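Structure first, commentary second.
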There are 2 protein chains.
Amino acid sequence: MASYKHKKVMSIGIVNELTGLSLRQIRYYEERRLIQPERTKRGTRKYSFSDVETLLQIADKREEGVQTYEIRKDLQTSTKGNLKERMIRGQLNAHFQMNK
Amino acid sequence: MASYKHKKVMSIGIVNELTGLSLRQIRYYEERRLIQPERTKRGTRKYSFSDVETLLQIADKREEGVQTYEIRKDLQTSTKGNLKERMIRGQLNAHFQMNK
DNA sequence: CGTGTAAGGAATTCTGACACG
DNA sequence: CGTGTAAGGAATTCTGACACG
């Protein structure tokens with residue numbers, strides 16, 4: 001399922017090609033905790049397709065002038081927001097089923 | 001869809017970790033045309049998750065003593081076989097629908 | 001704050017070849 | 001045939017730092 005999307009297998013060079021972001025930028029966004037790549041035994045970073053998607057979102061926000069701190073909050077709330085939305089929908093469904 | 005599974009993004013070192021095959025073996029199976037990795041601008045090989053799956057199949061066959069030439073044929077017919085099977089099923093479905 | 005760059009070292013990958021068999 | 005290995009070079013990645021602002 002999520003295995004391919006979330007498996008950390010790409011070197012930073014590939015991520016650079018896929019996103020167009022510089023190595024410096026990719027490492028900096030990690031430092032600001034917007035992404036969390038894994039490390040190989042010898043310390044080279046490994047990224048997932050999911051990380052690449054996040055980086056593309058980050059690039060969009062940065063172009064709009066949003067600071068990394070704000071982007072981090074957005075990324076967190078966008079995830080939580082989806083969860084929240086799903087829970088609310090669940091409650092609404094339960095509500096309508098009761099009144100049906 | 002197939003984008004993550006077939007996108008060539010992994011270095012040979014990662015493939016080695018994922019499959020347990022030696023670099024020599026991975027390169028040799030390419031030489032025998034069992035897999036077709038892509039290359040970066042400077043010539044380093046890039047593999048997909050799909051390639052990794054194929055390599056795992058190859059490893060199984062090799063343990064059984066099957067030669068690379070036979071494995072290549074198997075890989076080709078297993079793909080074509082699936083296609084053929086689907087076409088036959090389609091015809092069967094059409095047949096039964098006509099007689100229904 | 002966000003990003004570029006030069007610096008030096010360490011690890012990776014590549015190819016062609018010899019070896020065994 | 002399939003795989004290991006030593007060889008030398010080229011390219012990658014890492015970190016900490018200085019720079020601009």
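What you see is a predicted model, and the numbers here were worked out from it, not measured in a lab. Here is the naming used below: chain letters follow the sequence lines, and residue numbers restart at 1 for every chain.
With sequence neighbours left out, B:Thr54 forms a side chain to side chain contact (heavy atoms under 4.5 Å, CB included) with B:Ile35, B:Ile58, B:Leu75. B:Ser48 is linked by a side chain to side chain donor-acceptor pair (under 3.5 Å) to B:Asp51, counting only residues two or more places apart in sequence or in another chain. For A:Thr68, the side chain to side chain donor-acceptor pair (under 3.5 Å) criterion is met by A:Arg32, not counting sequence neighbours. Every residue was checked against the side chain to side chain donor-acceptor pair (under 3.5 Å) condition with B:Lys46, not counting sequence neighbours, and none meets it. Under the rule for a side chain to side chain donor-acceptor pair (under 3.5 Å), A:Ser50 has no partner lying at least two apart in sequence or in another chain.
Sorted by first and then second residue, the ring pair (Phe, Tyr, Trp, His ring centres under 6.0 Å) pairs involving residues 28-55 of chain B (not counting sequence neighbours) are A:Tyr4-B:Phe49. Residues in residues 53-78 of chain B take part in no ring pair (Phe, Tyr, Trp, His ring centres under 6.0 Å) pair, two or more places apart or across chains. Pairs of residues two or more places apart, or lying in two chains, that qualify as salt bridge (Lys or Arg N to Asp or Glu O under 4.0 Å) and include a residue from residues 61-71 of chain B are B:Lys61-B:Asp74, B:Glu70-B:Lys73.
Of the side-chain N and O atoms in B:Thr44, none sit less than 4.0 angstrom from OP1 or OP2 of D:dT12.
Against DNA chain C, the stretch residues 31-40 of chain B makes heavy-atom approaches under 4.0 Å through B:Arg39. Contacts between residues 14-30 of chain A and DNA chain C, defined by a heavy-atom separation below 4.0 Å, involve A:Ser22, A:Arg24, A:Gln25, A:Tyr28, A:Tyr29, listed by number.
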Inset, instruction - Can you run through DNA chain C from 5' to 3' and write each base as (, ), [, ], | or . depending on how it pairs? Watson-Crick or G-U wobble, both distances under 3.5 Å. - result: .||||.||.|.|.||.||||.
